[in-house]
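Worksheet: the structure to be examined is printed underneath.
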Amino acid sequence: MADVLLSIRDLSKSFNGVRVLSDVALDVQAGEIHGLVGQNGSGKSTLIKCLSGYHAPDPHWQLRVDGAVVTRGLHPGEPARLGISFVHQDLGVIGEMTVLENLLFHRLGENRRPYIAWRRERREASALLESFDLDLDPRVKLGSLRPVEQAQVAIIRSLMQLREGSPGGGQRRGVLVLDEATTFLDRTGRDSLHSLLRSIAAGGSAVLFVSHDIGEVLSLADRVTVLRDGRVVETANSAELDADDIVGLIVGGDRSVRLDDAGEAGAALASEDSDDVLVMDRDRPRKPVGRLTVSGLHGLHVRDLSFEAGQGEIVGITGIVGSGWEFVLEHLYGASPAWRGRLQLDDQGYDIADMTPRKALEQGMVFVPSERLSQGIISELTLEENVMLPVLDRSFLGGRLRLREMSRACKQVLHDHAVHPPQPSRPIGTLSGGNQQKAVLGKWLQLRPRVVLLNEPTQGVDVGARQLIFKLIREAARQGAVVLYASSDWDEVSRLAQQVVVVADGRVAEILSGAAVTVDRIAASAYQGTRRSADLARASDMWSEA
Amino acid sequence: MQEGNQRVAKTEKSRYGESFLRRFGVVIVWAVVVVAFSAAKPHTFPTTSNFTTLFASQAPLGVLALALVIPLSAGDYDLSVASVLSFSSMLVAVLNTQHGIPVGLAAVLGVAFGATVGLANGLICVLADIDPFIVTLGVGTFLDGLTLWISKSAPVSGVSEHLVNLVVVHRFLGLSLEFWYLLVLAVVVWYFFEFTPTGRRVLIVGRGREVARLSGLRVKRIRILSFVSAGALSGLAGVVYVGTSGSADPSAGTSLLLPAFAAVFLGATTIAPGRFNPWGTMVAVYFLTTGINGLAQLGVSTFVEQLFYGGALVIAVLLSSLVGRPSMRKARAAADTAGSSAGPGGGPPVGAEPSTVAPSS
């Protein structure tokens with residue numbers, strides 16, 4: 001009988017009546033690396049958050065860790081006592097502090113001793129690092145280390161937490177959860193992390209490894225669990241699966257059907273005067289962009305990316321999380337700096353490395369950022385102050401802002417974009433996420449932009465608002481704008497876009513168009529890059545074994 | 001003043017939808033304080049001469065507080081304003097009395113000097129991306145040293161009567177002209193924030209630098225210019241200060257820094273709650289000085305001034321944070337549901353949080 005270290009039974013979780021996890025059962029064995037995969041929204045992160053005590057699961061679940069049984073939500077700190085510890089994507093390390101300080105700071109809350117015996121701590125830390133063949137000096141600042149070394153420190157710290165959490169104080173087995181902690185590491189970095197994780201597992205602990213990268217999971221994990229729509233659809237030995245099997249399990253069978261949007265929530269979208277001229281600036285009407293071309297875009301996470309889009313077209317940009325698609329639009333808009341690349345709007349060419357939001361706006365480009373609350377809106381300011389920001393000068397007549405006219409114009413924009421309630425004086429933060437996002441769209445679409453860049457515009461938005469947002473986007477395209485739509489939701493992308501640029505490993509994996517725009521095809525090419533790396537990894541494993 | 005208040009009230013009520021009590025709480029408390037002191041000291045407190053002094057004597061503080069409203073709205077602290085006041089007033093006094101420079105020119109130089117200091121603050125903070133709190137603290141202390149140097153550490157008196165006449169001696173409707181200058185300045189600042197696109201943009205820059213940047217605003221330029229205008233207005237406050245007494249004191253500013261901050265933060269809880277605003281600031285200035293004036297008349301010792309200003313600042317900040325809390329909670333809840341699945345938002349968190357404890361409503 002296998003030695004089960006962590007066992008979850010009947011784990012369900014609902015938010016406002018919507019079930020995100022249903023009766024999840026999961027066993028992780030001692031000495032095992034267990035992969036957990038699934039699409040965005042499959043419930044992976046909710047599962048991890050239930051384990052870490054961030055969310056309380058619905059009643060009647062059971063968690064068993066090395067013999068101890070819990071049936072209620074976990075308190076903060078409790079997972080560590082039970083023997084579960086986490087390394088998240090952001091690693092939770094502080095670059096300004098030394099390796100040693102980073103390794104120790106979780107202890108500072110405990111106050112077990114009135115002073116810190118630095119010399120002894122350093123000796124112990126060095127010994128621990130050495131025992132895992134890590135050549136790291138505890139005295140250097142963490143920020144000066146390579147990303148992979150920082151990740152190693154984070155993992156070692158979790159391991160220390162596990163060991164220290166044990167009541168007896170001695171060595172103890174535990175479960176180390178890596179929550180997409182390798183997403184932003186390069187391949188060699190990942191390889192060296194893998195050997196660290198393998199030696200941790202060899203010591204009798206278990207590793208629960210959450211990742212989007214199927215290739216990585218297949219080459220690292222002993223067993224893999226696949227989540228889809230909040231349920232466990234499969235747990236199997238990774239030797240028995242190949243990447244195609246997993247992609248199939250992740251996406252599910254019947255998703256290729258293109259849902260039609262006939263039954264949309266019927267809000268009045270005044271399609272007003274649809275003259276063919278696009279207006280960014282009333283005094284200087286602009287011609288629509290006939291053809292947008294991006295070529296050779298390089299940045300921190302993207303490499304040699306090129307694609308095209310035409311007038312009135314909606315082009316999806318997607319991939320698995322961390323593959324680089326998230327940054328494409330930010331680069332084009334100048335929101336985050338690119339290294340190089342060229343943007344061509346008909347006969348006008350621009351160096352993307354020199355792009356700034358201001359310049360982009362002057363060319364008739366608008367950008368809806370993915371982080372609405374920090375980049376898109378200012379919650380405590382009114383709808384009017386948020387929405388009318390780009391058109392303030394229109395209301396500045398005879399030396400003063402015409403507040404009444406501005407308020408009226410704002411009301412019109414809110415109405416046109418189905419923002420509810422359409423009250424310009426309301427703080428935007430008091431609206432629902434969907435209405436906030438419609439207001440942001442209104443803020444930019446009222447300019448009649450030539451190019452619309454949307455980064456995850458439906459994040460944190462309810463289903464009804466989502467339909468309206470789609471409608472607004474289609475309307476913008478119909479009026480002649482080029483729409484680039486970046487999203488991690490393949491279902492959405494496949495419904496909305498006529499053409500999809502799939503990014504894998506920072507490069508264009510494939511450009512799909514027409515009938516090829518389906519969730520299956522997107523999934524296949526998004527995971528293609530990782531599949532290749534899986535083959536490579538297997539090949540190199542074989543070499544090292546030989 | 002009254003008329004101005006009513007006009008603000010009318011436009012603001014519809015725009016912010018705040019309750020009357022929240023918007024006029026400080027005004028009401030002020031009225032209560034006036035009534036209470038009048039009852040306690042019927043012969044000295046509610047007299048024309050007391051009120052005219054009360055209103056006019058605080059003009060330098062009022063101008064200084066208005067100077068602060070601008071960078072605070074843009075999300076930047078400026079701790080050097082009081083030192084600019086000291087230096088500018090000393091510069092005017094020294095140039096006029098010891099170098100025979102006409103007082104008008106000296107006053108212009110005082111204001112210009114303030115603007116220059118503001119420019120230095122802005123360039124250092126914005127271009128080198130350093131926390132304004134520490135930069136302006138250093139610049140202010142440096143200026144204090146300069147002030148002591150040019151004054152040989154002693155007050156300088158005997159400034160031309162032209163200036164004194166124009167500031168305190170001449171009166172309009174029974175109040176010294178300096179009060180009317182302050183009022184005009186408050187109108188200007190109010191107009192700027194209410195009725196100009198630039199004023200709106202300053203507000204956006206102060207509340208959400210990243211939003212501002214992505215909306216194509218010239219964030220750096222706006223921040224630098226807000227430092228420049230704070231410097232120029234502080235220089236002007238220095239000129240008004242010399243005008244009130246005909247002399248300059250090297251430590252003049254030191255005792256005004258905290259009251260100015262107290263007034264601006266307390267002002268942010270009233271009239272347009274949740275925002276640094278000129279009318280709220282004016283109300284707060286006079287509320288604070290009324291309190292001190294009354295307590296002094298009751299025979300309380302001079303330390304009451306510090307108790308009062310210090311206490312008011314802390315209470316103001318506390319109030320605005322309590323006022324802002326519900327919506328903060330909501331925003332955080334929204335962040336919880338929205339967050340999680342995103343990749344890293346790319347790019348450095350430019351400016352990030354405004355460094356002010358900007359009260360949010």
Does atom CD1 (Ile134(B)) have a neighbourhood of more than 12 heavy atoms from anything else shown, all under 6.0 Å? no

Can you tell me how far OG1 of Thr356(A) sits from CG of Leu214(B), rounded to the nearest 0.5 angstrom? 11.0 Å

Worked verdict on Gln375(A) versus Arg209(B) for side-chain contact (heavy atoms from CB on, under 4.5 Å): CA-CA 8 Å; Gln375(A) 302 184 319; Arg209(B) 270 191 200 145; over 6 Å; no

Does any non-hydrogen side-chain atom of Leu381(A) lie less than 4.5 Å from one of Arg207(B)? yes

Looking at Thr46(A), Asn455(A), Asp393(A), Asn386(A), which has the largest count of heavy-atom pairs under 4.5 Å with chain B? Asp393(A)

Under 4.5 Å from any heavy atom of chain B - which part of Leu300(A): neither

Given heavy-atom pairs under 4.5 angstrom as the criterion, report whether the side chain, backbone, both or neither of Met406(A) touches chain B. side chain

Sort Lys443(A) into side chain, backbone, both or neither according to what part of it lies under 4.5 angstrom from a heavy atom of chain B. side chain

So which atom in Phe396(A) and which in Phe195(B) form the shortest heavy-atom distance, rounded to 0.1 Å? CE1-O, 3.3 Å

Between Pro369(A) and chain B, which part of the residue has a heavy atom less than 4.5 Å away: side chain, backbone, both or neither? side chain

Are the charged groups of Arg201(B) and Glu385(A) less than 4.0 angstrom apart, N to O? no

Give the intermediate values and the outcome of side-chain contact (heavy atoms from CB on, under 4.5 Å) for residues Ile204(B) and Leu389(A). CA-CA 8 Å; Ile204(B) 299 283; Leu389(A) 180 62; 3.7 Å; yes

When rounded to the nearest 0.5 angstrom, what is the spacing between CG in Leu401(A) and OG1 in Thr196(B)? 6.5 Å

Any salt bridge between Arg275(B) and Glu380(A), counting N to O under 4.0 Å? no

Gly208(B) to Ile378(A) - nearest heavy-atom pair and separation: N-CD1, 3.7 Å

Passes side-chain contact (heavy atoms from CB on, under 4.5 Å), Phe367(A) versus Ser215(B)? Steps please. CA-CA 8 Å; Phe367(A) 174 64; Ser215(B) 299; over 6 Å; no

Does any N or O in the side chain of Arg358(A) come within less than 3.5 Å of the main-chain N or O of Leu217(B), such that one atom is a donor and the other an acceptor? no

